[in-house]
Amino acid sequence: MKILPGGVCEAGTTRVNKTGGWRTFKPVYDYEKCIKCKLCELLCPDSSINPRDDGFFEFDYDFCKGCGICANECPKDAITMVLEEK
Amino acid sequence: MAPENKLDKKKMVVVEGSYAVAHAAKVCRPNVISAYPITPQTHIVEDLSQFMADGEIPNCEYINVESEFSALSALVGASAAGARCYSATTSQGLELMHEVLFNISGMRLPVVMTIANRAVSAPISIWNDHQDAISQRDTGWLQLYAENTQEISDMTAQAYKISEDKDILMPSMVCMDGFILSHVYEPVVLLEQDLTDEFLPAFEPDFVLDPKNPMSFGAFADPNYYTEFRYLQEQAMQKSLKKIEDVANEFYDVYGRYYGGLIDEYRTDDAEVIIMAMGSIIGTIKDVIDKLRDRNVKVGLLKVRSFRPFPAEAIRNALKDAKVVVVLDKNISLGLNEGALFTETKSSLYNTKLDVPIVGYMIGHGGRDIKVDLIEKIVDEAQEVMKTGIKIESQFTDLKEELI
Ligand code: SF4
Ligand code: SF4
């Protein structure tokens, strides 16, 4: 990331600034339970849930900050927050 | 030597201070105005609304909002999209903007906002002091203080020119004393459109919010980046010290009017006592100085026009031959028993060889009149300090003992 005159930056800094470094719990996904409703993808504040070609999802742990919103909102309890092993 | 002011008497009109400011904002050709009415700023936005209704501000949008927080928030987007933006507020309204003030300066948006300075609650007061703006001193806004209606009008155009400079890009608060300047009628030469167009070209930022050329404004900055943003902000503030001086001179070249750059001095040549202050009290102090000079009291005035950036070097130079310095503050940093100008002046003199006694007075809070007698009494006390060498620190004066 380069700071330009006037304090602005080139676009796309969210791809450079990784927000996954301070997580305590991480979301883990159960493919069996998921009904592909996309709610988790929609609600994740860090856009860390990426769709796959088969309609399921995967987490981008470089950016997931472990807030648990996805797990909380999933109607099928397909996401569980588990303590991160260091 | 400061240049002589050339005020063209034929062009003078008698208008309310608020009108002069609204008119100045108008001729600066803003693209977006967003403000919420609050006493004593109300007349400014009323006049601007009238100009809008009469179609006198072309290419401008006036955004009605439900609070000061929204007023300034609307300008974050507008300014980032490349609009020249204007707002005005005071007191509680300014405090309500606190969070957004940081966003505007952090995103380096050159918004200009008039502050009709007023005391803050509680107890509730609608009258003038400087507590509102001083409480926002660390938000990264330039703070310029005007002495009279003519200066506040002219300072508005100067502020745009300083803020929009490509090396600066920091927002400005243009401060006028509420009621004392905002509601008083004075003869003024209003800013002329043609001269202002010559002085202040259109705002053409290098980077704007544009889907065709995406940029990040106010990006997320983790500990790897944040410090550098702050460093660049401070550098811009330091550069604005010279810019304020330059713009004051450029303004003089176009309009023939000059009020000082960062500071201005009045009868300081051989002054033993130098009084420092900001805002409309400057006029009263000048009268007192004239009166005391007739009695051979060697007293002079250092008017501070720019409180942020703080002109430490200019102040050090101006005070180098003083025997005692008196600082008048219409604000207090609670818990320190000092006004902000006093604190900043003291810290500017530390680490220099200048060991001049400096005495602080907190006066005029909540709009209490500052009378000639009081300033004379303060000068008497300062002369006493000069004789005895006893340093008084900072104090309240003019207290009504029977109330406490
Ligand atoms: S835990 Fe929070 S950040 Fe991580 S994927 Fe779920 S919603 Fe997104
Ligand atoms: S919210 Fe739950 S069910 Fe819906 S797509 Fe996400 S994981 Fe699947």
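Computed from a prediction, not measured in an experiment: that's the story for all the values here. Here is the naming used below: chain letters follow the sequence lines, and residue numbers restart at 1 for every chain.
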Does a sphere of radius 6.0 Å around CD in B:Gln193 hold more than 12 heavy atoms from other residues, nucleotides or ligands, not counting ones at 6.0 Å or beyond? yes

Taking side chain as C-beta onward, heavy atoms only, is A:Val16 less than 4.5 Å from B:Tyr225? yes

Flag if over 12 foreign heavy atoms under 6.0 Å of OH, B:Tyr226: no

Taking all atoms of both residues into account, what is the closest heavy-atom pair of B:Met215 and A:Glu10, and its distance? SD-CA, 4.3 Å

Which heavy atom of B:Ser216 sits nearest a heavy atom of A:Gly12, and at what distance? OG-N, 3.9 Å

From A:Ile3 atom CD1 to B:Tyr231 atom OH, the distance as rounded to the nearest 0.5 Å: 11.5 Å

Please check if atom NZ in A:Lys36 has more than 12 non-hydrogen atoms from other residues, nucleotides or ligands closer than 6.0 Å. yes

Please flag which part of B:Phe207 lies under 4.5 Å from any non-hydrogen atom of chain A: side chain, backbone, both or neither. side chain

For B:Lys242, is the NZ atom crowded, meaning more than 12 foreign heavy atoms sit under 6.0 Å from it? no

Check whether more than 12 heavy atoms from other residues, nucleotides or ligands sit under 6.0 Å from atom CG of B:Asp197, and answer yes or no. yes

For B:Glu313, does the CD atom sit with more than 12 other heavy atoms under 6.0 Å from it, leaving out its own atoms? no

Taking side chain as everything from C-beta outward and backbone as N, CA, C, O, which of these in B:Met107 sits under 4.5 Å from a heavy atom of chain A? Side chain, backbone, both or neither. backbone

Mind ranking A:Thr19, A:Thr13, A:Asn17 by heavy-atom pairs under 4.5 Å with chain B and telling me who comes out on top? A:Asn17

